[in-house]
Structures are given as C-alpha cells and as structure tokens.
Asker: 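This is the structure, below, for whatever I ask next.
Within every chain, numbering begins at 1; the chains are lettered A, B, ... in the order of the sequence lines, protein sequences first and strands thereafter. In this text, all values refer to a predicted model and were calculated from it rather than measured experimentally. Only heavy atoms go into these numbers, but all of them, side chains included; no hydrogens, no water, no symmetry mates.
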Amino acid sequence: MPELPEIETIRRSLDPLVVGRRIERVRVRRRDLRSPLPPDFEATLSGRRITGTSRRAKYLLLALDDGKQWLVHLGMSGRFLRLAADDASTGSHEHVAVDLDDESRLAFRDPRRFGLMLVVNPGECGLLAGIGPEPLDDADFSGAYLVSLRARTSRVVKEVLMDQRVVAGLGNIYVNEILFLAGIRPTRRMPRLTRLECDALVSATRTILTEAIEHRGSSISDFLDGIGRPGSYQWRRRVYDRAGEACPSCSHAIRSTVVGQRSSFFCPRCQR
DNA sequence: GTAAACCTGGCA
DNA sequence: TGCCAGGTTTAC
C-alpha cells in the first residue's frame with residue numbers, strides 16, 4: 001500500500017494530534033510481524049512522551065523524549081490510525097494499540113503482517129542505514145546522480161528507481177507514474193538513458209510525488225491516513241492499473257507487462 | 001540477476 | 001480455485 005506520499009500524508013495528519021502526548025500503555029496482540037516485536041517493546045515505549053514526527057523513505061518516525069525513535073513501517077497492507085477515546089473498534093487485525101494520555105490510541109493494523117515497528121536509537125538503525133537520498137528534500141537526487149549510476153548498473157530503470165538504496169520512498173504506483181511523465185519505458189536499461197532523460201526522471205519524480213502528497217496519497221484499495229480519511233490521488237493516476245484504457249496524452253491503449261516481478265503500465269507511444 | 005518467500009483478503 | 005495486491009528480504 002503505502003509509498004512516500006502515503007506515509008507523508010499519515011505523518012501530517014498525526015503530527016498535530018500526537019506531538020506532546022505521553023504514552024500510557026502499550027497493548028500487543030501479535031508480535032509476529034515482518035520482524036517480531038522485541039520483548040522489551042512495550043517497556044521502551046511506555047511512559048515516553050512523543051516529541052515530534054518525521055519520515056524517512058517509507059518509514060514513519062516518532063521521536064521520543066528519551067532521544068529514541070519509534071519506527072513504523074506499514075508493508076503492503078498496514079494502517080496506523082489515531083482513534084478517539086470513544087472509538088472502541090478493534091479492526092480485525094489490530095496487532096498493537098498504544099494508549100495516549102488524552103484517551104486516544106494509536107492503532108497498528110496490518111492484515112498481511114508485512115509491516116514492522118521498532119524503537120531505535122537514531123543513527124543506529126540498520127534498516128535506515130543504506131537508504132538513498134530523499135527525492136523531495138535532498139539535492140543529491142539529481143540528473144547527475146542518475147548519470148553516475150548508468151556506468152555502475154545495467155539494470156532496467158524501473159528496478160533502479162524502486163531500489164530504496166538508490167532513491168528513498170518510491171514504490172510500484174509512483175514509479176509507473178514517474179516513468180510515464182518522463183516518457184521512458186520501464187524496461188529501458190540504465191546505460192541507455194541520455195543525460196536529458198536522467199534530468200527528466202528527476203523532474204518527473206518531484207512532480208509526481210508533490211502532486212500525490214497534495215492529494216493526500218492514493219487509496220486504490222484500502223489506504224487511509226492517520227485519522228481514517230482516504231486520499232484522492234487514485235483519481236489522477238495516469239497509467240497505474242489502467243491497462244487497456246486510453247493514454248491521457250495520446251489516447252493509445254495503455255499496456256501492461258511485468259518488470260522485476262511487478263506489474264508495470266506504460267503507453268507504448270508516449271514512452272520510448 | 002532472477003525467483004521465491006513472508007501473509008491475508010478480494011475478486012474473476 | 002487461482003491469481004493478484006501499494007514491500008522487502010533471502011535464497012538459488
């Protein structure tokens with residue numbers, strides 16, 4: 001489900017509601033997430049105050065008053081919801097509930113359990129260590145950067161953009177959209193990209209992500225933000241999951257194929 | 001590099 | 001019944 005725009009949308013929706021709140025109690029129903037919840041998870045969170053929120057790639061980070069960070073990844077099907085005091089719903093897959101001092105609770109729900117949560121020391125988390133530049137905030141993500149990658153890999157461009165070590169936060173929906181906007185087929189090999197195309201990819205990445213955040217993410221099957229609202233970017237999708245439909249630019253039928261084990265969508269006329 | 005694995009739900 | 005899904009890691 002959630003890529004950079006969805007996680008950023010969750011962060012923005014939660015920030016004003018959770019910053020300053022104290023964690024009163026942590027209730028765990030299932031520990032066997034993608035990586036099991038550590039035995040001291042409850043103890044490290046209980047009693048802490050949330051001092052800020054941030055995001056790195058697809059990780060939501062909640063800063064705690066002891067200097068540690070509560071790290072949340074939602075995998076494919078995860079939700080992270082702030083529920084008001086009078087909301088007794090448990091959801092069918094609410095694996096963790098964190099009670100705050102204003103009677104609200106933060107609920108981690110994830111049917112497929114591809115998500116994970118950890119409390120880490122900033123800078124000591126292996127999961128964050130190898131992640132590439134943030135496409136919206138980091139000038140290191142540039143045409144020159146992609147040009148420098150051309151010589152080091154023969155992989156296809158779609159796999160490269162989805163590689164979190166190359167650039168942070170992109171997933172299958174948005175890479176399809178980015179490649180369409182840049183006019184490049186998902187199957188093009190990196191060494192064959194021109195300098196202009198590398199520039200176009202960086203520009204398209206920033207455009208698509210900015211648009212998607214403005215529309216508060218894509219709710220294609222089940223994404224909700226931190227207070228249960230769907231996003232609306234699914235209505236603005238150009239190619240993702242639109243096989244057979246008309247290209248918004250030239251009306252040619254959008255085609256689908258599989259690249260790197262993931263469904264890919266492109267316009268054979270607009271993308272070369 | 002490529003494929004399979006993790007897990008559940010939804011849909012044809 | 002079988003296939004597909006917004007992600008990531010691990011194994012040939």
Asker: Who else is in A:Val156's hydrophobic cluster (ILVMFWY, side-chain heavy atoms under 4.5 Å, direct or via others)?
Answerer: A:Val259
Asker: Sequence neighbours left out, what passes salt bridge (charged side-chain N to carboxylate O under 4.0 Å, His left out) with A:Asp137? Give chain and number order.
Answerer: none
Asker: OP1 or OP2 of C:dG7 less than 4.0 angstrom from a side-chain nitrogen or oxygen of A:Gln164, does that happen here?
Answerer: no
Asker: Between P on C:dG7 and CZ on A:Arg79, what's the gap in Å once rounded to a whole number?
Answerer: 16 Å
Asker: For a salt bridge (Lys or Arg N to Asp or Glu O under 4.0 Å) with A:Glu211, tell me which candidate from A:Arg238, A:Arg237, A:Arg206, A:Arg216 qualifies.
Answerer: A:Arg238
Asker: Identify all pairs in which a protein N or O lies below 3.5 Å from an N or O of nucleotides 9-12 of chain B, and state each distance.
Answerer:
from, atom 1, to, atom 2, distance (Å)
B:dG9, OP1, A:His93, NE2, 2.9

Asker: Take atom P in C:dT8 and the same atom in B:dG10, then report the distance between them in whole Å.
Answerer: 23 Å
Asker: Applying side-chain hydrogen bond (donor to acceptor under 3.5 Å, both in side chains) as the test, list every pair that has at least one member in residues 180-192 of chain A; sequence neighbours left out.
Answerer: A:Arg188-A:Glu197
Asker: Round to a whole Å and report the spacing from CD of A:Glu3 to P of C:dT8.
Answerer: 9 Å
Asker: Taking side chain to side chain contact (heavy atoms under 4.5 Å, CB included) as the test, write out the residues that go with A:Arg31, two or more places apart.
Answerer: A:Val28, A:Leu37, A:Phe41, A:Glu42
Asker: Please list, in numerical order, the residues of residues 26-38 of chain A that have a heavy atom closer than 4.0 Å to any atom of DNA chain B.
Answerer: none
Asker: Which protein N or O atoms sit under 3.5 Å from an N or O of nucleotides 10-12 of chain C?
Answerer:
none

Asker: Could you list all the side-chain hydrogen bond (donor to acceptor under 3.5 Å, both in side chains) pairs where at least one residue sits in residues 12-28 of chain A, not counting sequence neighbours?
Answerer: A:Glu8-A:Arg12, A:Asp15-A:Thr53, A:Arg21-A:Asp101, A:Arg22-A:Glu24, A:Arg25-A:Asp99, A:Arg27-A:Asp99
Asker: Can you tell which of B:dT2, B:dG1, C:dT9 lies closest to the side chain of A:Ser154?
Answerer: B:dG1
Asker: What's the OH-C1' distance between A:Tyr59 and C:dG7, to the nearest Å?
Answerer: 9 Å
Asker: To the nearest Å, give me how far apart CZ (A:Phe265) and P (C:dC4) are.
Answerer: 11 Å
Asker: Measure the distance from CD on A:Gln261 to C1' on B:dA4 and round it to the nearest whole Å.
Answerer: 7 Å
Asker: By nearest atom, which of the nucleotides B:dC7, B:dT2, B:dG1 is closest to the A:Arg113 side chain?
Answerer: B:dC7
Asker: In what stems does DNA chain B take part, counting only runs of at least 3 consecutive Watson-Crick or G-U pairs whose two distances fall under 3.5 Å?
Answerer: B:1-6 with C:7-12, B:8-12 with C:1-5
Asker: Any N/O pairs under 3.5 Å between the protein and nucleotides 1-3 of chain C? List them or say none.
Answerer:
none

Asker: Among residues at least two apart in sequence or on other chains, which ones pass side chain to side chain donor-acceptor pair (under 3.5 Å) with A:Asp163?
Answerer: A:Arg155, A:Arg165
Asker: Short question: side chain of A:Asp40, backbone of A:Thr44 - any donor-acceptor pair under 3.5 Å?
Answerer: no
Asker: Can you pull the ring pair (Phe, Tyr, Trp, His ring centres under 6.0 Å) pairs that have at least one residue in residues 228-265 of chain A, sequence neighbours excluded?
Answerer: A:Tyr174-A:Tyr233, A:Tyr240-A:Phe265
Asker: Please determine, by modelled atom types, if A:Ser77 and A:Asp110 share a side-chain donor-acceptor pair under 3.5 angstrom.
Answerer: yes
Asker: Distance check needed: B:dC6 C1' versus A:Phe114 CZ, whole Å only.
Answerer: 5 Å
